[in-house]
Amino acid sequence: MTAAELGALYQQLILDHARERHGEGLQPTGSVQSRQVNPLCGDEVTVQLTVDPATGNIASLHWEGRGCAISTASASLLADLVHELPADELTTRIGHFRDVMRSRGTLEPDEDLLADAVALQGVARYVARVKCAMLPWVACEDALRMLAAPSAPEPV
Amino acid sequence: MTAAELGALYQQLILDHARERHGEGLQPTGSVQSRQVNPLCGDEVTVQLTVDPATGNIASLHWEGRGCAISTASASLLADLVHELPADELTTRIGHFRDVMRSRGTLEPDEDLLADAVALQGVARYVARVKCAMLPWVACEDALRMLAAPSAPEPV
Amino acid sequence: MTSVTPTVQPEVHPVGAHRAEVDRIRDDFPGLHQQVAGHPLVYLDSAATALKPRQVLDAERRFAELRTAAVHRGAHTLAATATEEFEGARATVAAFIGAAPDEVVWTSNATEAINLVAYGFSNASTGDRLDGTDAFRLGPGDEIVVTELEHHANLIPWQELARRTGAALRHLPVTEDGELRMDLAPDVIGSRTRILAFSHISNVLGSVAPVAELVRQARAVGAVTVLDACQSVPHRPVDVHALGVDFAVFSGHKMLGPTGIGVLYGRRELLRELPPFLTGGSMISTVTMERAEYLPPPHRFEAGTQKVSQAIALAAAVDYLREVGMDRIGQWQGMLGQRLAAGLVGIRGVRLLGPAPGTERAGLASFEVDGVHAHDVGQFLDDRGIAVRVGHHCAQPLHRRLGLTASTRASTYLYTTAEEVDLVLESVADVRPFFLGTPR
Amino acid sequence: MTSVTPTVQPEVHPVGAHRAEVDRIRDDFPGLHQQVAGHPLVYLDSAATALKPRQVLDAERRFAELRTAAVHRGAHTLAATATEEFEGARATVAAFIGAAPDEVVWTSNATEAINLVAYGFSNASTGDRLDGTDAFRLGPGDEIVVTELEHHANLIPWQELARRTGAALRHLPVTEDGELRMDLAPDVIGSRTRILAFSHISNVLGSVAPVAELVRQARAVGAVTVLDACQSVPHRPVDVHALGVDFAVFSGHKMLGPTGIGVLYGRRELLRELPPFLTGGSMISTVTMERAEYLPPPHRFEAGTQKVSQAIALAAAVDYLREVGMDRIGQWQGMLGQRLAAGLVGIRGVRLLGPAPGTERAGLASFEVDGVHAHDVGQFLDDRGIAVRVGHHCAQPLHRRLGLTASTRASTYLYTTAEEVDLVLESVADVRPFFLGTPR
Ligand SMILES: Cc1ncc(COP(=O)(O)O)c(C=O)c1O
Ligand SMILES: Cc1ncc(COP(=O)(O)O)c(C=O)c1O
Ligand code: FES
Ligand code: FES
């Protein structure tokens, strides 16, 4: 990785979200929440979803956790993404994000689906850091699953 | 080891003693006996000494065991050596035999001390076989020790 | 050498056709091209440990030179690359035996792999561990079954497990010719049987166990099967899922790999339930001063810094074997085994152990020379540059049953030629004349 | 780099004088001469695993190529030679730590060595083993004592031993700065203490334990001492007899040797009494289907085919270290450790863990960068070719005590230059500006 690549991993948007975190702090009123641990480092995140009772869509995502710049920025970017998405749609987008992350850099992210979270695409080339970026998304996916019917979480 | 060296290890005298074994078979009347096991192969020998009540010297050595040509020939040659030796003298000779065996071929055996058992000198260059040749001598040494005062055997 | 002409004819087994290929293979093995006692080495001790091809030595060295880094522990580039290669090696070895990567645990040899399973059982049976380990809890009234022909590695760990837990150790006997008494199996394997541990191929006799039948009987009573595959995985195609065993073990050094690495295969469902054995770093998720939580398999069983360059080298060995083809290796060695067996029964005063010529046997044969101690036989052969194994081959109970304390074993591998087999037969025929003065 | 100028001056530690020698040493390490991320590798992760010199790789390869043979099992020439070299390697390693050859047991790493001792205790305490093992029998009421700064390898095996036997695990706490609370030692180490296990040098803090005082207190209450010497034996002269410990462990891969080999030192009288751990071939004298009799140490503890080429290579590593001189290596690394520590405390927003500059420390330093996660620090340094370790370094309880979940560690070895230390300091000073936009 050259200095240029370090910038590709830690894009300015990521550094910004790592500092100014959107959605941080759990709410007393959330609908469901899921806690996930990254086995590689022991870091963790708890993601909480609130459902809009009117539309049945996801109203907001809040989170709390401990992790690196990648994982906190990832949670923050995800919080920006969810607003008023139907649960199904959010699940699809998480699936796309996972595909990108697992692609080792061969799959371009779709900005229509991921919005600013495309900034995380550089992570895909760092196998050891993919779990960092995935962590909040896995927690979100698990929370979505609970919304449908409570079940066991899938591994990160 | 060339074919010539194989002959140095298995001298004709050794092959003869391995077939025509002197002193084989324990006597009902022996004075002391010691059983030793070769840990490398699991073979064993029991050596029995008979003391001449008149002189206090070693009257005879008998043995019984299971082992290779080297160890059986060694027992047989040792049986020939002991006749009417004082216990001290025999102990000295065993010590010399051990020195020769441990010398990796650098120490010439003294024929005055070992008689025909000098035929075993070729063994000294085969570290893995030294214990074979030593086995009956160690048993004999242990038996001699019992004659003096009963005690634990030394390792081969 | 009239008395030792193999009864298996070149027409039946096309020696010539293979010869060119074997010669090519031999070029890869630096160890083959040395002199012993002034003769070219004839290495017939591959069942003890195999020679290693350049490709394996190169892979190991390349890794040790450049990829030095603790796997699963570092974030830096070297560590990430090392981790990927290490897990890649696991996938290679797993595929070789028809298993999934997470069913393959690295150990330092097959012996340790068996101990891992045995200690897993006793850790589930002693102290206050409670969760999810019923399958492995043993106590008085339970029985562990082995066979009488086992290598000590597949016997003593079970004796010790029985001692620790109060379970009883039973065994399936062999005949005085070394054949498994399968007729007694239904008596020995019963409702109390919790573990059935047996060798795929005997390292002394070269005989092949009826795996399917033994697995069937073990399953019928709900016993866990442990296959000692030390002499099969290196020498013929083995698919652990197809065999249906619960655990299987083998050693890298017998299959062109380095010393210091072995493999435990465990069926996923069972491995998940097995308590840890060695504990320490890299096998935990959370640790307090009071207690630790453990990772899922295979990492739960891999404590501390792993045998990394050895795993890489073992994967290179597997690549080498696959390239030659396990089917061909198995056929070739079967033929060499037959040639050995047929030749030995033709030599005066020699008793072949194990299956008669014509009956299935691996590429090895053990024998007794009447009136000559095995160590003397070995020494005699060594003088001609022929390396064989002498002793009890870590199978004292079997030797006792055969009425012996020691035997001589010649064992082959993919680099062994028919000429080498003939040479050992020729030399064995000279043993009694030398030691006993008998005619050839 | 005003903020990171080491307070330890070149005048005090003659960098220049050593530099020529270090350059010569560096020529021997092929792994040092590679590029990472377009930069020359700066390897500061030697406390995890060390790079290997040509001499070690050559010795290992030469052996693996030509000496392939099972040791202690063959009568042929190859096997005899291999056995001699293998036992020669044991003598070399034993002499290196001031022990007798029969006090040195090969294991696959330090972790396994600690497990060996722990399972020895539990094997003496469970089942019907009776003879000669009183020294190792544990049960309720007995106590095992460790410290709060232990590597997981020297903690979890004792937790598990306690679980298996009903003994209690206690620990000597550390202050929030990581210092051993020696003032509490007399409360923790008492008449119930049967085992006292502790690290010679902390792999996180680089601090050195007061071995003499701990051994004295353990002896006073008749407890067995187990020294985790993983971070001392590779880096400074260690004489186990002079230290007076009962057991000591270390790993080959941290001292220029290969992966897959470790060492257990055991005081002869104790090792003789310790029950076997791994069982199988080559560690027995007589075996029946019912029971086995075991060889004396060290072979009693070495079941199955051993890590032969790894032992040979480790002996070559020891030869290399002795040639350079452990005294010089210790001094050199002490100086590098001071340079690291002094530099780190001078960087804004960096918290140095462990002893303050000027206080004794090994050639390593761990630190926290305020507001930046250790994995991000590691990634940033990796981008400049600098390999450091990030995470809990297998010491979660210590990190918890220090109020951290992870830290970054830079660790040196005999091939590390002062310039490399300065480079990491320089780069650490750039971390917060990059991630947080703070001024340097
Ligand atoms: C202090 C200490 N103890 C134990 C270990 C474990 O060593 P290994 O992983 O080689 O078994 C290490 C290294 O990881 C260490 O630094
Ligand atoms: C059948 C069998 N089982 C077990 C072993 C033990 O293997 P290792 O010594 O590599 O642990 C061997 C080889 O020695 C063997 O042939
Ligand atoms: S390092 Fe722990 S989540 Fe990224
Ligand atoms: S081989 Fe056993 S005594 Fe010689």
Side-chain angles (χ1 to χ4, degrees), chain C residues 30-31 34 36 48-49 51-52 57 61 64-66 68 70 73-78 108-109 111-112 115 126-128 152-153 156-157 159-160 163-164 171 251 253 258-260 278-281 284 287-289 291-292 303-305 307-310 375 378-379 382 387 389-390 394 396-397, chain D residues 30-31 34 36 48-49 51-52 57 61 64-66 68 70 73-78 108-109 111-112 115 126-128 152-153 156-157 159-160 163-164 171 251 253 258-260 278-281 284 287-289 291-292 303-305 307-310 375 378-379 382 387 389-390 394 396-397:
Chain C
Q34 56 184 314
V36 168
T49 200
L51 300 176
K52 290 124 192 44
L57 300 165
R61 176 154 191 155
E65 258 181 18
L66 298 179
T68 284
R73 283 197 190 174
H76 56 76
T77 301
L78 286 186
S108 56
N109 55 23
T111 301
E112 184 173 89
N115 277 273
T126 44
D128 59 9
H152 295 161
I156 311 179
Q159 291 178 346
E160 288 286 320
R163 183 190 66 69
R164 286 193 297 269
H171 67 266
S251 276
H253 68 93
T259 57
L278 301 172
T279 57
I284 54 83
V287 179
T288 64
M289 287 310 291
R291 67 189 305 276
T305 306
K307 308 105 183 107
V308 191
S309 54
Q310 291 77 30
H375 273 74
Q379 195 85 56
D382 187 57
R389 175 90 188 271
V390 298
C394 298
Q396 283 187 1
Chain D
Q34 56 185 313
V36 168
T49 200
L51 300 175
K52 291 128 193 40
L57 299 165
R61 175 152 193 155
E65 259 182 18
L66 299 178
T68 283
R73 283 195 187 175
H76 56 77
T77 302
L78 285 187
S108 56
N109 53 25
T111 301
E112 184 173 88
N115 278 273
T126 45
D128 60 7
H152 295 160
I156 311 180
Q159 292 178 346
E160 288 286 319
R163 185 191 64 71
R164 288 193 297 268
H171 66 267
S251 275
H253 67 93
T259 57
L278 301 172
T279 56
I284 54 83
V287 179
T288 65
M289 287 310 289
R291 66 188 308 276
T305 305
K307 308 106 184 108
V308 191
S309 54
Q310 290 78 28
H375 273 74
Q379 195 86 57
D382 187 56
R389 174 90 186 273
V390 297
C394 298
Q396 284 188 358

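Since we're looking at a predicted model, the values are computed, not measured. These numbers come from the heavy atoms of this one structure, side chains and all, not from hydrogens, waters or symmetry mates. Just so it is clear: chains get the letters A, B, ... in the order the sequence lines come, proteins before strands, and each one is counted from 1.
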Can you name the closest pair of heavy atoms from [X] and [Y] and give their distance?
X	Y	result
Thr111(C)	Gly280(D)	CG2-CA, 4.0 Å
His253(C)	Thr49(C)	ND1-OG1, 2.7 Å
Asn109(D)	Ala303(C)	ND2-O, 3.3 Å

Sequence neighbours excluded, which residues qualify as side chain to side chain donor-acceptor pair (under 3.5 Å) partners of Ser108(D)? Glu112(D)
For Ser251(D), check side chain to side chain donor-acceptor pair (under 3.5 Å) against everything at least two apart and list the hits.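 So Ser251(D) forms no side chain to side chain donor-acceptor pair (under 3.5 Å) with any residue.
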Could you tell me which of Ala292(C), Ala153(C), Pro397(C), Gly260(C) has the largest number of non-hydrogen atom pairs under 4.5 Å with chain D?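 If we count pairs closer than 4.5 Å to chain D, Pro397(C) comes out on top.
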Scored by heavy-atom pairs under 4.5 Å with chain D, the best of Pro30(C), Gly31(C), Pro258(C) is Pro30(C)
Looking at [options], which has the largest count of heavy-atom pairs under 4.5 Å with chain C?
options	result
Leu278(D), Ile284(D), Leu51(D)	Leu278(D)
His152(D), Gln310(D), Met289(D)	Met289(D)
Gln159(D), Lys52(D), Glu65(D), Gln34(D)	Gln159(D)

